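I have placed the structure first, in the form of structure tokens, so that the comments after it can refer back to it.
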Amino acid sequence: MSALFKAQMLAVSPLMEDRGIDEAYLDISELALDSEEIGRDIKRRVLEATQLTCSVGIAPNKLLAKMASELQKPDGLTLLAEDDVPRRIWPLEARKLPGVGPVTEKKLASFGIRTIGDIAAQPLSRLMAELGASHGNALYQAAHGRDERPVVVEREAKSRSRETTFAADIGDWQEIARTLVGLVREVVEDLHSEGVRGRTVGIKVRFSDFTTLTRDSTLAEPTDGEEQIRRVVFECLSRVSLDRRVRLLGVRVGNLVKTRPL
DNA sequence: TCTGGGGTCCTAGGACCC
DNA sequence: TCTGGGGTCCTAGGACCC
């Protein structure tokens, strides 16, 4: 996340969950101030530090806060209570519910489910049967505005990866090899700078027709060694038939463990 | 959005073990 | 000798998010 932005968020509350370059959750439940006043404070701070406006959502849980922040964009400040869900959330398109992407949206539409209210009106058992137990249950709870996830201040990374898309699709094995060697070096630098090692090493290959595949291999011991990771990467590559031109290559190291405290 | 570079989580099948 | 169930790990792919 942008350092300027992060500093402003932390100044408001140390209970901050980093959600990428320009998004964060703040737990302000222990602050004595009026929440709307806190919202205005956040917007003022961000504007002063970055010259950018932002949208703030204030709600009893992360899901509703996220949805509240989307209700008024850009430069919005929206308070949302649980009681507001039927009136303000249910009329929205299903796609607006976090967890509903293009694929799930299409699937829901095929059952005649078009709004978040439609999702909320379904029996839980049906959603679980159609979308899988985990996803179905998550969407059902979300459509009712329920979310128990805590604000997570420190999240340990599960994997590190680097990938690159070619300006023009390539078929040259030499260039593929060179690119992977470079990506391995970058991932290894990341592992070193973060003090982690990983046990699973893998590659990602996207072809010119956008089909994407992955190959990985798990070692007996975690490693951050460039040579060893490079060896595994080329072993993974040998399991891919390079019969089409390649658009993207990626290298990933997962199953991370800390090698030293930061 | 004819598609950038990170990530996370879930599912499913096979191997292996008890 | 044969059968079976359950648990865990690994691999691959898919959906989604910022």
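Quick note: numbers below take in every heavy atom, side chains included, and nothing from hydrogens, waters or symmetry partners. Letters A, B, ... are given to chains in the order of the sequence lines, protein chains preceding strands, and every chain is numbered from 1. Just so we're clear, the structure is a prediction, and the values are computed from it rather than from any experiment.
Separating the CG atom of A/N255 from the C1' atom of C/dC10 is a distance of 10 Å, rounded to the nearest angstrom. Between the CG atom of A/D216 and the C1' atom of B/dG7 there is a distance of 16 Å, given to the nearest Å. Per the geometry, CG belonging to A/L131 stands 18 Å off P belonging to C/dG14, to the nearest Å. Summarising the geometry, the separation between CD on A/E186 and C1' on B/dG7 is reported as 16 Å, rounded to the nearest angstrom. Atom pair A/R252:CZ and B/dC9:P shows a separation of 12 Å (rounding to whole Å applied). Put simply, CG on A/L213 is 15 Å from P on C/dA15, counting in whole angstrom units. Rounded to whole Å, atom P of B/dC10 lies 11 Å from atom CG of A/N137. The nearest whole Å value for the distance from the CD atom in A/E221 to the P atom in C/dC10 is 12 Å.
Residues from residues 143-160 of chain A lying near DNA chain B, meaning a heavy-atom separation below 4.0 Å, are A/A157, A/K158, A/S159, A/R160 in numerical order.
Contact between A/P60 and A/E82 at its shortest, heavy atoms only, is CG-N, 4.2 Å. Between A/W90 and A/A143, the shortest heavy-atom contact is NE1-O, 2.8 Å. Closest heavy-atom contact between A/V56 and A/I42: CG2-CG2, 4.0 Å.
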I'd like a list of close polar pairs between nucleotides 3-5 of chain B and the protein, N/O only, cut-off under 3.5 Å.
unit_1: B/dG5; atom_1: OP2; unit_2: A/T165; atom_2: N; d: 3.1
unit_1: B/dG5; atom_1: OP2; unit_2: A/T165; atom_2: OG1; d: 2.3

Set out, line by line, the N/O atom pairs under 3.5 Å between protein and nucleotides 16-18 of chain C.
unit_1: C/dC16; atom_1: OP1; unit_2: A/G101; atom_2: N; d: 2.9
unit_1: C/dC16; atom_1: OP1; unit_2: A/T104; atom_2: N; d: 2.9
unit_1: C/dC16; atom_1: OP1; unit_2: A/T104; atom_2: OG1; d: 2.3
unit_1: C/dC16; atom_1: OP2; unit_2: A/P102; atom_2: N; d: 3.4
unit_1: C/dC16; atom_1: OP2; unit_2: A/V103; atom_2: N; d: 3.0
unit_1: C/dC16; atom_1: O5'; unit_2: A/G101; atom_2: N; d: 3.4
unit_1: C/dC17; atom_1: OP1; unit_2: A/G99; atom_2: N; d: 2.6
unit_1: C/dC18; atom_1: OP1; unit_2: A/K66; atom_2: NZ; d: 2.4
unit_1: C/dC18; atom_1: O3'; unit_2: A/R19; atom_2: O; d: 3.1
unit_1: C/dC18; atom_1: O3'; unit_2: A/D22; atom_2: OD1; d: 3.4

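Proximity of A/R215 to the phosphate of C/dG13: a side-chain N or O atom is located under 4.0 Å from OP1 or OP2. Applying the 4.0 Å criterion to OP1 and OP2 of C/dT11, one finds that A/T218 has a side-chain N or O inside that range. A/T214 has a side-chain polar atom (N or O) that falls below the 4.0 Å cut-off from OP1 or OP2 of C/dG13.
Under the 3.5 Å distance criterion, the side-chain polar atoms of A/S13 are matched with a main-chain donor or acceptor of A/L15. In terms of modelled atom types and a separation under 3.5 Å, the side chain of A/R162 and the main chain of A/E186 share no donor-acceptor contact. When atom types are taken as modelled, the side chain of A/S55 and the backbone of A/D75 share a donor-acceptor pair closer than 3.5 angstrom. Looking at A/Q51, its side chain does come within 3.5 Å of a backbone N or O of A/E48 through a donor-acceptor pair. A donor-acceptor pair is defined here as one N or O able to donate and one able to accept, closer than 3.5 Å; such a pair exists between the side chain of A/T259 and the backbone of A/G195. A donor-acceptor distance shorter than 3.5 angstrom exists from the side chain of A/K43 to the backbone of A/G76, with no hydrogens or angles considered.
If you check B/dT11, C/dA12, C/dC10 against the side chain of A/S134, the one that comes closest is B/dT11.
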Checklist line | Candidate pair A/Q122 and A/D118, rule side chain to side chain donor-acceptor pair (under 3.5 Å), full reasoning | finding: CA-CA 7 Å; A/Q122 297 301 309; A/D118 291 342; over 6 Å; no

Next item on the list: Just do the side chain to side chain donor-acceptor pair (under 3.5 Å) check on A/R244 and A/T211 with the steps written out, would you?
Entry: CA-CA 10 Å; A/R244 285 156 287 173; A/T211 59; 2.9 Å; yes

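Residues meeting the ring pair (Phe, Tyr, Trp, His ring centres under 6.0 Å) test with A/Y140, sequence neighbours left out: A/H144. A/T212 pairs by the side-chain contact (heavy atoms from CB on, under 4.5 Å) definition with A/K204, A/R206, not counting sequence neighbours.
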Notebook entry, point to check: Tell me, what's DNA chain B's dot-bracket, Watson-Crick or G-U with both distances under 3.5 Å, | for other-strand, [ ] crossing?
Noted result: ....||||||||||||||

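The side chain to side chain contact (heavy atoms under 4.5 Å, CB included) with A/D216 is formed by just one residue from the set A/N255, A/T200, A/I203, A/V233; it is A/T200.
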